[in-house]
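For the numbers below, each heavy atom of this structure counts, side chains included, while hydrogens, waters and symmetry mates do not.
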Amino acid sequence: MINHHPKLNLLIQHVNGELPASISAGIKIHSDMCKQCSEQIAELTKHEAKLSFSQTNVDDAEFGFDVDALINDITQTQPEPEVIPDNKPVAVTFRGVTYKLPNVMKHMELGKPAQIGKLSRSRILLDEGHIHSSLLRIEAGGGIPEHTHNGYEITLLLEGNFKDDMGEYVPGDFIVLDGNHQHQPVSEQGCLCYTVVSDSLHFTQGINKLLNPIGSFIY
């Protein structure tokens with residue numbers, strides 16, 4: 001059961017098209033996996049549409065004809081667009097293990113997979129400056145050293161499971177962390193995550209310089 005969801009303010013910004021593409025894609029992937037958030041987004045979309053129309057005041061006299069009647073006529077006579085289903089599979093392979101990816105990622109370009117220890121990563125090439133998004137795989141028995149965050153970190157679990165000091169996570173969980181959080185994710189069975197980070201990690205154990213390669217790899 002999914003227990004971690006985007007907060008309401010993120011959903012509103014998503015509906016209004018105010019978020020970076022990486023975060024908006026993460027919310028879309030989550031909502032495709034989560035009936036609760038899918039329904040909430042649908043209601044927010046209706047609300048925002050109604051609000052937009054109510055703020056549009058058009059004077060019929062300005063145009064010399066009945067604007068409402070014209071709009072109604074157009075919407076009644078337009079044929080339904082033909083929808084051609086696109087069932088092209090999208091997948092990524094890390095060390096011989098292939099994962100089918102969400103439909104949202106069909107048109108996203110992925111960088112070449114890279115590995116360090118039990119971590120594998122493929123960068124999602126969205127060109128958003130300091131915001132980096134990736135597919136991150138943790139192999140069975142692997143994890144990320146204890147750390148906090150210099151910016152925000154969004155993790156959407158796609159497959160498998162992992163846990164940290166704050167709980168256990170299942171596919172569909174949408175986790176948002178920042179400098180107020182410190183954790184050490186580990187996966188007993190392995191997992192695949194969609195991640196978005198705005199800055200590097202800050203490791204809190206051991207000699208930081210020894211962990212820099214891992215921090216750079218994840219960010």
Side-chain angles (χ1 to χ4, degrees), residues 1-11 13-14 19-34 36-37 92 94 97 99-102 104-105 108 110-111 113-126 128 130-204 211 214-219:
M1 180 179 179
I2 298 174
N3 292 312
H4 301 271
H5 310 267
K7 291 185 177 180
L8 179 60
N9 65 318
L10 273 183
L11 295 182
Q13 291 178 74
H14 170 70
L19 295 174
S22 54
I23 300 178
S24 191
I27 291 176
K28 173 57 179 171
I29 295 170
H30 168 81
S31 67
D32 285 345
M33 303 171 75
C34 175
Q36 172 185 320
C37 287
V92 64
F94 292 121
V97 180
Y99 296 92
K100 183 180 178 181
L101 298 179
V104 176
M105 299 189 66
M108 292 184 179
L110 297 178
Q115 290 87 29
I116 181 172
K118 290 195 173 186
L119 300 178
S120 300
R121 183 212 69 197
S122 186
R123 186 80 74 204
I124 301 171
L125 307 180
L126 293 176
E128 294 185 307
H130 69 285
I131 300 175
H132 293 172
S133 51
S134 306
L135 289 173
L136 183 68
R137 181 196 179 213
I138 303 177
E139 292 183 24
I144 302 171
E146 186 176 284
H147 63 276
T148 182
H149 314 85
N150 291 319
Y152 61 76
E153 174 190 75
I154 296 174
T155 302
L156 171 59
L157 184 53
L158 300 177
E159 288 194 34
N161 60 75
F162 74 88
K163 62 182 178 180
D164 59 19
D165 293 342
M166 294 176 282
E168 299 185 7
Y169 307 95
V170 300
D173 274 336
F174 186 99
I175 308 118
V176 181
L177 304 176
D178 57 21
N180 295 313
H181 305 93
Q182 181 172 304
H183 69 149
Q184 183 176 356
V186 294
S187 181
E188 295 179 356
Q189 300 175 356
C191 65
L192 180 71
C193 300
Y194 175 94
T195 66
V196 181
V197 292
S198 64
D199 207 333
S200 59
L201 308 183
H202 177 69
F203 293 100
T204 54
L211 300 176
I214 298 176
S216 300
F217 181 84
I218 295 173
Y219 174 59

Enquirer: How many angstroms lie between atom CD1 of I154 and atom CD1 of I131, to the nearest 0.5 angstrom?
Expert: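 Reported value, rounded in 0.5 Å steps: 8.5 Å.
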Enquirer: Does H30 reach the side chain of I2, with side-chain heavy atoms less than 4.5 Å apart?
Expert: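 Yes; the side chains approach each other to less than 4.5 Å.
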Enquirer: Do Y152 and I23 have side-chain heavy atoms sitting under 4.5 Å apart?
Expert: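 Heavy-atom side-chain distance check passes, below 4.5 Å.
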Enquirer: Grab the two heavy atoms, one from C193 and one from C191, that are nearest each other, plus how far apart they are.
Expert: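 Result for this residue pair: SG-SG, 4.0 Å.
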Enquirer: Please tell me if the side chains of H147 and E153 come closer than 4.5 Å, counting only heavy atoms from C-beta onward.
Expert: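 Yes, their side chains come closer than 4.5 Å.
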Enquirer: Could you grab the distance from atom CD1 of I214 to atom CG of L201, nearest 0.5 Å is fine?
Expert: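 Reported value, rounded in 0.5 Å steps: 10.0 Å.
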Enquirer: Are D164 and Y169 side-chain neighbours, meaning at least one heavy-atom pair lies under 4.5 Å?
Expert: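 Yes, close enough: below the 4.5 Å cut-off.
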Enquirer: Within the 4.5 Å heavy-atom criterion, are V97 and L192 side-chain neighbours or not?
Expert: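 V97 does not reach L192 side chain to side chain.
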Enquirer: Check whether any side-chain heavy atom of H14 lies under 4.5 Å from a side-chain heavy atom of P6, and answer yes or no.
Expert: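 Result no, sub-4.5 Å side-chain heavy-atom pair not found.
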Enquirer: Measuring centre to centre across the rings, with the benzene-like ring taken for any Trp, is H149 within less than 6.0 Å of H202?
Expert: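 Ring centres of H202 and H149 not closer than 6.0 Å.
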Enquirer: Work out which heavy atom in S187 is nearest to a heavy atom in N161; give both atom names and the distance.
Expert: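 Answer, listing the atom of S187 first, then N161: OG-O, 2.6 Å.
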Enquirer: Quick one: salt bridge (charged side-chain N to carboxylate O under 4.0 Å, His left out) partners of E188, sequence neighbours excluded?
Expert: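 Once residues adjacent in sequence are excluded, the partners of E188 under the salt bridge (charged side-chain N to carboxylate O under 4.0 Å, His left out) criterion are K163.
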Enquirer: Check whether any side-chain heavy atom of Y99 lies under 4.5 Å from a side-chain heavy atom of L135, and answer yes or no.
Expert: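 No, every pair of side-chain atoms sits at 4.5 Å or beyond.
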Enquirer: Side-chain donor-acceptor contacts of residues 118-126 below 3.5 Å, not counting sequence neighbours, with atom names and distances?
Expert:
residue : atom : partner : partner atom : Å
K118    : NZ   : A140    : O            : 3.3
R121    : NH1  : F217    : O            : 2.6
S122    : OG   : G111    : O            : 2.6
R123    : NH1  : S134    : OG           : 2.9
R123    : NH1  : Y219    : O            : 2.8
R123    : NH2  : Y219    : O            : 3.2

Enquirer: Which atoms form the tightest heavy-atom contact between A25 and M108, and what is the distance?
Expert: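 So the two residues come closest at CB-CE, 3.3 Å.
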Enquirer: Roughly how far apart are E168 CD and F162 CZ, rounded to 0.5 Å?
Expert: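 Going from CD on E168 over to CZ on F162, the span is 11.0 Å.
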Enquirer: What's the separation between atom NE2 in H132 and atom CG in D199, rounded to the nearest 0.5 Å?
Expert: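 Spacing of NE2 (H132) from CG (D199) equals 9.5 Å.
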Enquirer: Taking C-beta and beyond as the side chain, do M166 and L177 meet within less than 4.5 Å on heavy atoms?
Expert: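 In contact.
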